[in-house]
Amino acid sequence: QVQLVESGGGLVQAGGSLRLSCAASGRTFSTYAMGWFRQAPGKEREFVAAISASGGSTTYADSVKGRFTISRDNARNTVYLQMNSLKPEDTAVYYCSRRSTYYSTSAYNTNKSAYDLWGQGTQVTVSS
């Protein structure tokens, strides 16, 4: 059973940094595009960042562009989200997700329906 396990969340002051990690089980990690989404209380889950299977292409939500960086290490079956210059509005549960190979093209980067496997989430709280 393939699983995604996030870690690295926590409480940080505005302007601070955190790095989230998502470890995937299974042998086919390198064939999947991956994404990070977040969900704040009372809001819908929203796209944050995506990375292609090879790691050569990345996409970001406008709200995090220039502050967050998504990366992956296929040898370690892990995807990362480096978050800098954090703001209180970044407070949310952050979810790692795997995009279905059926929706492998970049046109589906931001579409959460194209992602078929989700982690349990990790809480990020940014205080002002």
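Each residue takes its place number in the sequence, starting with 1.
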>> Can you see whether Thr125 engages Gln123 through a side-chain donor-acceptor pair at a distance of less than 3.5 angstrom?
In response: yes

> Is Ser17 close to Met83 at the side-chain level, that is, under 4.5 Å between some pair of heavy atoms?
Replying inline: no

>> Once ring-ring contact (aromatic ring centres under 6.0 Å, His included) is applied, what residue pairs with a partner in residues 27-59 remain, sequence neighbours excluded?
In response: Phe37-Phe47, Phe37-Tyr115, Phe37-Trp118

>> Using side-chain heavy atoms (C-beta onward) and a distance below 4.5 Å, is Arg38 in contact with Asp90?
In response: yes

> Heavy atoms, side chains only, cut-off 4.5 Å: are Lys112 and Glu46 in contact?
Replying inline: no

>> Main chain of Ser52, side chain of Arg72: is a donor-acceptor contact present, judged purely on distance under 3.5 Å?
In response: yes

>> Please determine whether side chain to side chain contact (heavy atoms under 4.5 Å, CB included) holds for the pair Val93 and Thr122, giving the CA-CA distance in whole Å, both sets of side-chain angles, and the decisive distance to 0.1 Å.
In response: CA-CA 5 Å; Val93 178; Thr122 186; 6.0 Å; no

> Below 4.5 Å, heavy atoms only, C-beta onward: do Leu81 and Val48 meet side chain to side chain?
Replying inline: yes

> Would you say the side chain of Met34 lies within less than 4.5 Å of the side chain of Cys96, judging by non-hydrogen atoms?
Replying inline: yes

> Does the side chain of Glu6 reach to within under 4.5 Å of the side chain of Leu20, using non-hydrogen atoms?
Replying inline: no

>> Taking Arg98 first and then Asp116, would you say they form a salt bridge - that is, a charged N and a carboxylate O separated by under 4.0 Å?
In response: yes

> Can you tell if the side chain of Ile51 reaches within under 4.5 Å of the side chain of Val79, non-hydrogen atoms only?
Replying inline: yes

> Just by modelled atom types, is the Gly15 backbone N or O under 3.5 Å from a matching donor or acceptor in the Ser85 side chain?
Replying inline: no

> Taking only residues two or more places apart in sequence, or in another chain, which ones meet Thr101 in a side-chain hydrogen bond (donor to acceptor under 3.5 Å, both in side chains)?
Replying inline: none

> Between the main-chain N or O of Gln3 and the side-chain N or O of Ser25, is there a donor-acceptor pair closer than 3.5 Å?
Replying inline: yes

>> Quick test of your reading: applying ring-ring contact (aromatic ring centres under 6.0 Å, His included), list the pairs with at least one residue in residues 68-107, sequence neighbours left out, ordered by first then second residue.
In response: Tyr103-Tyr108

> Which atom pair, heavy atoms only, marks the closest approach of Ala40 to Thr91?
Replying inline: CB-O, 3.7 Å

> What heavy-atom pair brings Leu4 and Cys22 nearest, and what distance separates the two atoms?
Replying inline: CB-SG, 3.9 Å

> So, Asp62 and Lys65, do they make that salt bridge, N to O below 4.0 Å?
Replying inline: yes

>> So Leu117 and Val2, do their side chains get closer than 4.5 Å, heavy atoms only?
In response: yes

> Ser128 and Pro88: which non-hydrogen atoms are nearest, and at how many Å?
Replying inline: CB-CG, 3.8 Å

>> Arg99 vs Asn109, test: side chain to side chain donor-acceptor pair (under 3.5 Å). Steps then yes/no.
In response: CA-CA 8 Å; Arg99 193 154 85 236; Asn109 276 346; 3.0 Å; yes

> Do the side chain of Ser30 and the main chain of Asn74 share a donor and acceptor less than 3.5 angstrom apart?
Replying inline: no

